[in-house]
Amino acid sequence: MNLNHVFVCGHPALDFAATLRARRSKRFEMFVTPDRLNAWYLESGLVDAIAPADEDDVRTAVRVREALYHLITDRRLGEEFDREALAVLNAAARELPATPQLTPAGRHTEATPAQALATVARQAVELLSGPDVPLLKECDNPECTRVYIDRSRGMRRHWCGMESCGNKYKAAAYRARKKTVAAGATD
């Protein structure tokens with residue numbers, strides 16, 4: 001499994017929820033160390049610099065991520081929010097977020113892991129209460145559990161990303177069709 005963080009969902013909160021990959025099969029955790037958590041915050045563009053995380057920060061981030069994934073699924077399926085997940089996300093959103101500062105070089109955001117997590121939680125609140133809710137879709141790759149915002153024409157997007165899922169699935173379907181044609185030719 002690729003250890004690189006992927007940002008294909010169209011929103012930081014959705015990308016954060018997708019850091020546990022393949023939830024229905026070979027679950028693959030991206031936040032295995034405090035460094036991997038910090039790497040996500042930096043690579044996502046939420047912060048420019050971050051204080052070192054520790055194991056407690058990882059446990060808290062995973063707890064918020066799992067609550068967020070549950071709430072995203074509830075919202076996407078039109079179900080009532082799970083109260084415990086709602087309490088976890090709202091508690092994180094109440095914390096102080098990362099605050100950008102203006103410097104001579106431009107915008108710069110330094111944060112602690114708790115501030116970065118609060119920023120993600122606040123963005124999740126905005127997403128799950130905003131106009132993009134009807135655009136939430138889950139990737140059509142049966143192994144993938146990413147939810148993304150489908151802003152494609154006619155809402156015809158099927159994959160979280162072509163590189164991560166679409167090409168792989170299309171290539172497998174092509175090979176299956178070729179095999180079927182080849183098998184039919186020999187009959």
Side-chain angles (χ1 to χ4, degrees), residues 1-32 36-47 58 60-82 84-86 88-90 92-93 97-98 109 113 116-174 176:
M1 181 73 71
N2 186 347
L3 288 176
N4 294 328
H5 292 296
V6 178
F7 302 92
V8 296
C9 299
H11 193 280
L14 297 175
D15 289 318
F16 188 79
T19 58
L20 177 60
R21 297 188 186 167
R23 291 172 179 269
R24 289 187 285 271
S25 59
K26 304 175 278 182
R27 298 167 70 91
F28 186 81
E29 177 64 64
M30 295 298 292
F31 295 155
V32 292
R36 294 301 297 149
L37 175 64
N38 275 1
W40 189 92
Y41 290 135
L42 292 166
E43 292 169 27
S44 71
L46 291 176
V47 298
V58 173
T60 302
V62 166
R63 186 168 183 248
V64 171
R65 180 199 61 207
E66 292 309 297
L68 174 57
Y69 183 79
H70 198 114
L71 296 169
I72 290 166
T73 301
D74 289 345
R75 181 59 80 198
R76 189 176 57 77
L77 298 176
E79 297 176 0
E80 190 172 314
F81 282 139
D82 177 85
E84 184 178 330
L86 203 55
V88 168
L89 181 68
N90 284 333
T109 304
L117 183 60
T119 302
V120 171
R122 287 173 179 225
Q123 290 182 350
V125 168
E126 293 300 321
L127 171 68
L128 295 174
S129 63
D132 287 338
V133 168
L135 306 178
L136 297 178
K137 288 172 96 175
E138 187 176 68
C139 184
D140 278 357
N141 178 348
E143 293 294 314
C144 184
T145 54
R146 287 187 188 117
V147 175
Y148 60 90
I149 298 175
D150 183 0
R151 290 194 173 96
S152 66
R153 181 186 283 202
M155 289 189 60
R156 293 184 187 162
R157 183 173 162 189
H158 294 278
W159 320 107
C160 60
M162 282 307 292
E163 286 183 21
S164 53
C165 287
N167 288 341
K168 192 181 331 179
Y169 195 79
K170 286 182 173 192
Y174 175 78

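Along the sequence shown, the residues carry numbers beginning at 1. From a predicted model like this one, the values you see are computed outputs, not experimental measurements.
A donor-acceptor pair is defined here as one N or O able to donate and one able to accept, closer than 3.5 Å; no such pair exists between the side chain of R36 and the backbone of A39.
Checked against H5 for a side chain to side chain contact (heavy atoms under 4.5 Å, CB included), the options Y41, F16, F31 give a single hit: F31. Among V32, V58, L117, the single residue meeting the side chain to side chain contact (heavy atoms under 4.5 Å, CB included) criterion with L37 is V58.
At least one side-chain heavy atom of D132 sits under 4.5 Å from a side-chain heavy atom of L127. Side-chain contact between V6 and R21: present, with at least one pair of heavy atoms (C-beta onward) separated by less than 4.5 Å.
Remark: W159 CH2 to N141 CG distance equals 6.5 Å, nearest 0.5 Å. Considering CG of D15 and CE of M30, their distance stands at 11.5 Å, rounded to 0.5 Å.
Take T19 and apply the side-chain hydrogen bond (donor to acceptor under 3.5 Å, both in side chains) test, not counting sequence neighbours, and it matches R65. D74 pairs by the side-chain hydrogen bond (donor to acceptor under 3.5 Å, both in side chains) definition with nothing, not counting sequence neighbours. Legend: residues meeting side chain to side chain contact (heavy atoms under 4.5 Å, CB included) with R76, ordered by chain and number and at least two apart, are T73, L136, E138, V147.
With a 6.0 Å radius and a threshold of 12 heavy atoms from other residues, nucleotides or ligands, E79 has its CD atom above the threshold. Heavy-atom contacts from other residues, nucleotides or ligands closer than 6.0 Å to CZ of R156 number 12 or fewer.
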